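Here the structure is laid out as structure tokens; the discussion comes afterwards.
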Amino acid sequence: MIFQSRKTLAALAVAVSMSGLVACSDDEKKVEEPVTPAPAEAPATPPETVSTAPAAAEVTAPVYFAFDDYSLDSTAQSQLNKLNEYLKANDKSVVQIEGHCDERGSVEYNLALGQRRAQSAKNYLVQLGTDAARLPTISYGEERPAVEGNDESAWSKNRRDEFVLSNP
């Protein structure tokens, strides 16, 4: 492109500089704008391992029995299966099995029934593969009711086995 006059050339230089487009020769220093680094990303975290063993709170739920009975129904067996899975995953854990009764019957009879209930749960867990040495039993008979009362609603909650975990 050929410019007719110096005035045209000067006008063109002013127009270019006002537009922000500036040409520079190789001799001029180029001004670089500072580069802002991209925000740092948090390091990737490994996925959490999902344990198939139930939590301690889940496995210590009591199992309940019918009146004057120490056999395990399907609900009790399901609960004991969870306890067994926990014990497999926590091979140092010990669980004390506590047998309880409602207030009906003599003290001696209820202590014996409570022991049969605790032993029933222990036998089931041993059949599933838990070491019997990790399953001490005790009977409290009617001495530690879960619910106070003299009706079937209270009695049904007192006929139970409870499980106390300890991790040596």
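In what follows, every heavy atom counts, from backbone to side chain, and hydrogens, waters and symmetry copies are set aside. Not measured: the values here are computed from a predicted model.
Annotation for Val94 and Arg134: closest pair CG1-O, 3.4 Å, computed over non-hydrogen atoms. Across all their heavy atoms, Pro136 and Ala133 have their closest contact at CD-O, 4.4 Å. Heavy-atom minimum distance, Leu80 versus Leu128: O-CD1, 4.4 Å. In terms of heavy-atom proximity, Gly99 sits nearest to Ala118 at N-CB, 3.9 Å. Scanning both residues, Phe163 and Val95, for their nearest heavy atoms gives CB-CG2, 3.6 Å. Nearest approach of Glu98 to Val164, heavy atoms of both residues: OE2-CG2, 3.5 Å.
Between the side chain of Arg160 and the backbone N or O of Asn158 there is at least one donor-acceptor pair closer than 3.5 Å. Remark: side-chain polar atoms of Arg159 are not paired, donor with acceptor, to backbone N or O of Asp68 under 3.5 angstrom. One N or O on the side chain of Ser120 and one on the backbone of Tyr70 form a donor-acceptor pair closer than 3.5 Å. Judged by distance alone, the side chain of Asp73 and the main-chain N or O of Phe65 form no donor-acceptor pair under 3.5 Å. Under a 3.5 Å cut-off, the side chain of Ser139 and the backbone N or O of Leu111 do form a donor-acceptor pair.
Residues Leu87 and Leu135 form a side-chain contact, since some pair of their non-hydrogen atoms from C-beta on lies under 4.5 Å apart. Counting heavy atoms from C-beta on, the side chains of Ile97 and Leu125 come closer than 4.5 Å.
Note that CG of Asp102 is 6.5 Å distant from CZ of Phe67, once rounded to the nearest 0.5 Å. In this structure, the separation between CG on Asp91 and CG on Asn167 is 10.5 Å, given to the nearest 0.5 Å. Interatomic distance, Gln96 CD to Asp161 CG, rounded to the nearest 0.5 Å: 11.5 Å. Atom SG of residue Cys101 and atom CD of residue Gln115 lie 10.5 Å apart, to the nearest 0.5 angstrom. Separating the OG1 atom in Thr130 from the NZ atom in Lys122 is a distance of 11.0 Å, to the nearest 0.5 Å.
Counted within 6.0 Å of CD on Glu148, heavy atoms from surrounding residues, nucleotides or ligands total 12 or fewer; the atom is thus considered open.
Salt bridge Lys82/Glu85: absent, no basic N to carboxylate O contact under 4.0 Å.
With 3.5 Å as the limit, one finds no donor-acceptor pair spanning the side chains of Ser153 and Asp151.
When each of Arg117, Gln77, Gln79 is paired with Leu72, the side chain to side chain contact (heavy atoms under 4.5 Å, CB included) condition holds for Gln77 and for no other.
Applying the ring pair (Phe, Tyr, Trp, His ring centres under 6.0 Å) rule to pairs touching residues 103-157 yields His100-Tyr140, sequence neighbours excluded.
Under a hydrophobic-cluster definition in which Ile, Leu, Val, Met, Phe, Trp and Tyr are linked whenever side-chain heavy atoms come within less than 4.5 Å, directly or via other members, Ile138 and Tyr64 are assigned to different clusters.
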